[in-house]
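Quick note on labels: first sequence line is chain A, next is B, and so on, each numbered from 1.
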Amino acid sequence: MKIKKDVVEIVFNSLEGQLSREQIEHMLEKPQYDYMGDLAFPCFTLAKLFRQSPQSIASDIASKITNPLVEKVEAVRGYVNVFLKRDKVTNEVINEVNRSAQEYGNLDIGRGEVVTLDFSSPNIAKPFSMGHLRSTVIGNSLALVAEKCGYKTVKINHIGDWGTQFGKLIVAYRLWGKEDTLRQDPIKELLKLYVHFHEKAEHDPSLNDQAREWFKKLEEGNEEARSLWTWFREESLQEFSKIYKKLGITFDSYHGEAFYNDKMQRIVDLLEEKKMLEQSEGAHVVPLEDLPPCLIRKRDGSTLYATRDLAAAVYRQENYHFKKSLYVVGNEQSLHFQQLFTVLKKMGYEWQKGMEHISFGMMLKDGKKMSTRKGKIVLLEEVIQEAISLAMKNINDKNPQLEAKEEVARHVGTGAIIFHDLKHHRSNDIEFSLEDMLRFEGETGPYVQYTHARASSLLVKGQFEKDSDHVGIDDKEAWSVVTQLMYFPNVIKRASENSDPSQIAKYVVELSRAFNQYYGSVRVLDDASKRQARLSLVYSVKAVLKEGLRLLGLQAPEKM
RNA sequence: GCGCCCGUAGCUCAAUUGGAUAGAGUAUCUGACUACGAAUCAGAAGGUUAGAGGUUCGAGUCCUCUCGGGCGCACCA
């Protein structure tokens with residue numbers, strides 16, 4: 001918004017260079033209450049520099065502010081409060097949003113550099129649980145935000161298709177599995193085998209030894225192990241793709257862990273060359289100063305997660321030349337990423353600085369982590385299905401003649417689930433609650449979608465002409481909508497800087513709320529002379545809501 | 001034991017990154033559909049920000065300690 005830059009400039013000039021423009025812009029804030037104006041600048045930090053009271057500094061600055069968009073300026077309790085000329089600012093904002101439409105809020109902080117995002121990354125032969133949902137929707141949204149900020153993105157689904165778990169599954173399948181039952185419902189059957197294995201292994205530790213043995217065979221190319229692995233993998237990927245399709249999420253790469261099998265030796269050699277490897281209790285490790293050592297090779301010579309992640313990082317840098325590399329993975333793996341990053345740094349890779357673990361809290365059930373091993377998980381597929389059914393029921397109740405009901409129900413149902421996840425700050429644990437997830441009222445995805453649909457139908461009914469000349473809006477009630485619209489680019493910036501999609505989720509709720517209040521108090525279509533002007537506001541709201549929802553990975557149906 | 005995350009209204013969460021009087025949703029109660037879409041809106045009520053110190057003009061936010069919860073900590077990923 002231009003006005004903000006103007007105020008920064010005026011304050012900057014009146015401070016004789018004591019603060020930079022960036023600092024001033026950072027300090028400018030939105031006052032808490034309306035009567036304090038539309039922009040505020042606190043002068044407390046300046047009191048020492050100028051050896052004056054904050055209040056007298058504020059008065060001084062206030063007296064210097066003159067601008068065609070400013071109505072009046074007050075100095076109150078050490079703050080400079082700026083009141084904007086609402087009619088003029090309203091017109092500027094609405095014109096800008098109307099002109100740029102879905103490009104409103106685009107930023108150029110990425111400057112075309114590449115950011116890789118490692119997210120979703122479900123494990124083969126395990127069902128897609130609620131836990132994986134978080135990584136999936138957060139990663140997807142971060143990718144969309146990054147693109148809006150001018151980055152090029154590479155979305156990587158680092159499938160968990162390697163590791164000792166396969167040894168376990170192979171052992172379990174050979175002992176208790178039946179081919180035809182597994183063919184019928186592969187994921188459920190594999191989960192049963194996995195759970196059964198862990199029950200038995202508690203009393204019979206030799207099973208774990210067998211599992212490690214079979215994993216070693218798999219790494220050495222044993223034919224039976226290999227063909228079972230391929231089979232399990234195919235079945236799982238098919239199952240996952242159903243879910244991605246429902247959520248509307250795509251990837252640029254499905255290179256999983258197995259992809260790096262032939263790329264690990266090089267890393268081990270490099271570590272050897274740099275004298276970073278040490279033997280410890282028969283295993284090969286990289287000792288680290290303030291962290292536990294990073295395990296590279298097991299006693300029996302087979303590889304570990306860290307080994308593959310090292311290979312993956314190098315591969316990604318060499319192939320994508322990333323500036324930033326984000327790992328959207330649960331916070332229970334924060335130690336692993338600290339180790340990974342430290343090892344890469346010790347190897348001398350400058351680009352390691354661009355890597356970041358975007359951690360998030362877990363989905364808890366009854367206050368506890370859900371455990372695949374014990375079969376204590378909630379299947380995402382079932383939750384999605386329930387949400388879609390409920391959305392369908394709502395449509396049949398409220399709008400039975402709607403076209404393309406199935407599609408809309410899918411958009412609303414999945415929207416509720418995605419939004420429920422993204423509105424919480426990443427780092428918080430989320431207690432699993434089907435009831436909360438299936439709520440369509442209040443601060444929810446469907447609330448925002450509903451607001452968008454409402455705006456859409458106003459535009460159709462009022463025959464909005466986008467490019468016509470509009471006289472200004474003079475509704476008092478429009479102001480809070482206009483200020484919200486004005487903040488959108490800031491919200492994008494914050495979401496990007498903090499890798500925090502919840503900023504956008506909260507924002508679209510606020511904008512919806514402001515618009516619904518406006519809608520409740522102003523009859524948009526009644527007065528023909530004001531209709532097009534008011535519709536231009538409605539159009540701005542619709543465009544920004546749609547864009548905000550898109551950045552979260554939600555659809556914005558025209559009707560619902 | 002050590003490390004990381006967290007503790008705000010009955011419940012679920014915010015709080016412009018240290019700013020003015022801590023705000024929403026939900027649940028409860030009340031009001032608004034022959035009304036541009038009631039998946040909505042208006043109103044009531046709900047708080048010693050876990051507790052104690054400290055830093056400063058100012059602390060829910062930063063530091064220390066205590067209590068409580070979650071997750072990690074060598075051959076799983």
Side-chain angles (χ1 to χ4, degrees), chain A residues 26-33 36 40 42 44-45 47-48 53-54 76-79 81 121 123 160 162-165 168 208 211-212 257 280-285 290-300 302-306 308-309 329-336 338 359-362 364 367-369 373 391 394-395 397-399 412 420 423-425 427-431 433 435-436 439-444 446-447 449-451 453-454 456-458 461-462 487 490-491 494 497-498 502-503 506 509-510 512-513 516-517 519-526 531 538 559-560:
Chain A
H26 187 75
M27 285 166 73
L28 268 182
E29 57 191 59
K30 172 195 167 197
Q32 205 164 2
Y33 300 95
M36 296 168 176
F44 307 99
T45 45
K48 273 184 198 155
S53 73
V76 187
R77 300 169 61 184
Y79 286 87
N81 289 338
S121 312
N123 293 322
W162 208 249
T164 313
Q165 53 176 340
K168 292 177 181 175
N208 285 320
R212 273 190 286 272
E257 296 183 46
S280 172
E281 298 171 38
H284 289 74
V285 308
D290 300 317
L291 296 168
C294 181
L295 265 85
I296 302 297
R297 254 188 214 287
K298 292 192 244 181
R299 204 178 325 213
D300 65 7
S302 59
T303 59
L304 284 137
Y305 185 43
R308 282 184 287 280
D309 263 4
V329 181
N331 60 18
E332 75 259 39
Q333 290 195 35
S334 58
L335 177 61
H336 164 73
Q338 281 180 49
S359 67
F360 53 85
M362 354 191 51
L364 302 177
K368 292 266 162 58
K369 184 182 179 181
R373 296 183 180 189
N394 273 287
I395 291 168
D397 283 356
K398 296 170 187 190
N399 198 358
V412 174
H420 172 265
K423 77 176 176 184
H424 298 99
H425 184 86
S427 63
N428 294 348
D429 288 341
I430 298 182
E431 172 68 24
S433 158
E435 196 193 338
D436 282 355
R439 180 163 282 144
F440 291 178
E441 291 161 13
E443 297 169 327
T444 66
Y447 171 75
Q449 288 171 319
Y450 175 80
T451 309
R454 219 181 201 187
S456 302
S457 83
L458 274 181
K461 282 216 169 108
Y487 298 140
N490 270 335
V491 172
R494 283 197 2 224
E497 283 172 352
N498 302 323
S502 76
Q503 297 289 338
K506 282 163 212 155
V509 166
E510 301 259 312
S512 297
R513 187 151 36 224
N516 281 324
Q517 281 165 2
Y519 182 93
S521 58
V522 175
R523 309 272 312 160
V524 173
L525 301 179
D526 281 4
R531 188 182 300 154
V538 176
K559 296 177 181 172
M560 61 187 268

Problem - Between N516(A) and T451(A), a side-chain donor and acceptor under 3.5 Å - result: yes

Completion exercise
When rounded to whole Å, the CZ to C1' distance for the pair R439(A) and A39(B) reads 13 Å

Practice task
Could you please name the option among A20(B), A74(B), G37(B) that lies closest to any side-chain atom of S457(A)?
Solution key: G37(B)

Exercise for the section: Would you indicate which nucleotide in C73(B), A77(B), A38(B) comes nearest to any side-chain atom of H336(A)? Expected result: A77(B)

Handout entry: From G37(B), A77(B), U16(B), nucleotide with atom closest to R494(A) side chain
Key = U16(B)

Handout entry: Nearest-Å distance once atom P is located in both A59(B) and A22(B)
Key = 13 Å

Problem - Distance test, side-chain N/O of Y447(A) to OP1/OP2 of C41(B), below 4.0 Å - result: yes

Fill in the blank from the handout: Closest of G70(B), C76(B), G25(B) to the T164(A) side chain is C76(B)

Handout entry: Under-4.0 Å side-chain N/O to phosphate OP1/OP2 contact, R308(A) with A77(B)
Key = yes

Exercise for the section: Answer with base, sugar-phosphate or nothing: what part of the nucleic acid does R523(A) contact at a heavy-atom distance below 4.0 Å? Expected result: base

Problem - Heavy-atom donor-acceptor pair, S280(A) side-chain to A74(B) base, under 3.5 Å - result: yes

Practice task
Look at the side-chain N and O atoms of R454(A) and state whether any lies under 4.0 Å from the OP1 or OP2 oxygen of A39(B).
Solution key: no

Fill in the blank from the handout: Secondary structure of RNA chain B per the Watson-Crick/G-U criterion (both distances under 3.5 Å; [ ] crossing, | other strand, . unpaired) is (((((((..((((.....[...)))).(((((.......))))).....(((((..]....))))))))))))....

Which pairs, protein N/O on one side and nucleotides 3-13 of chain B N/O on the other, fall under 3.5 Å?
| residue | atom | partner | partner atom | Å |
| --- | --- | --- | --- | --- |
| C5(B) | O2' | S427(A) | O | 3.4 |

Could you list the protein-to-nucleotides 54-61 of chain B atom pairs, N/O on both sides, closer than 3.5 Å?
| residue | atom | partner | partner atom | Å |
| --- | --- | --- | --- | --- |
| C57(B) | OP1 | K48(A) | NZ | 3.4 |

Fill in the blank from the handout: Taken to the nearest whole Å, CG/N399(A) to P/G37(B) is 10 Å

Exercise for the section: Classify the side chain of N516(A) versus the base of A38(B) as yes if they form a donor-acceptor pair under 3.5 Å and no if they do not. Expected result: no

Practice task
Under 4.0 Å between any heavy atoms, over every strand shown, what does I395(A) touch: base, sugar-phosphate, or nothing? Just pick one.
Solution key: base

Practice task
To the nearest 0.5 Å, tell me how far D429(A) CG sits from L364(A) CG.
Solution key: 4.5 Å

Exercise for the section: Tell me what N81(A) touches on the nucleic acid: a base, only sugar-phosphate, or nothing, going by heavy atoms under 4.0 Å. Expected result: base

Exercise for the section: Answer with base, sugar-phosphate or nothing: what part of the nucleic acid does L304(A) contact at a heavy-atom distance below 4.0 Å? Expected result: sugar-phosphate

Handout entry: OP1 or OP2 of A20(B) under 4.0 Å from side-chain N/O of Q32(A)
Key = yes

Problem - Listed nucleotide nearest any side-chain atom of R513(A), set C71(B), C73(B), A24(B) - result: A24(B)

Practice task
Round to a whole Å and report the spacing from CD of E510(A) to P of U16(B).
Solution key: 12 Å

Fill in the blank from the handout: Assert: residue with more 5' nearest nucleotide on RNA chain B, out of H26(A) and R212(A), is H26(A)

Completion exercise
Atom OH of Y487(A) and atom C1' of A15(B) are separated, to the nearest Å, by 14 Å

Practice task
Pick base, sugar-phosphate or nothing for V522(A), based on heavy-atom distances below 4.0 Å to the nucleic acid.
Solution key: base

Exercise for the section: Would you kindly compare A40(A) and A306(A) by the position of their nearest RNA chain B nucleotide and give the one closer to the 5′ end? Expected result: A40(A)

Exercise for the section: Compare side-chain N and O positions of Y305(A) against OP1 and OP2 of A77(B) and report whether any pair is under 4.0 Å apart. Expected result: no

Exercise for the section: For S502(A) and K506(A), test the side chains for any donor-to-acceptor distance below 3.5 angstrom and give the result as yes or no. Expected result: yes

Handout entry: Separation of atom CG in L295(A) from atom P in C76(B), rounded to whole Å
Key = 9 Å

Practice task
Taking only the side-chain nitrogens and oxygens of K30(A), find out if one of them lies under 4.0 Å from OP1 or OP2 of A15(B).
Solution key: no

Completion exercise
Side-chain contact check for Y519(A): nearest option of A38(B), A39(B), C71(B) is A38(B)

Problem - Phosphate contact (A39(B) OP1 or OP2) by K398(A) side-chain N/O below 4.0 Å - result: yes

Problem - G23(B) phosphate, OP1 or OP2, under 4.0 Å from Y33(A) side-chain N/O - result: yes

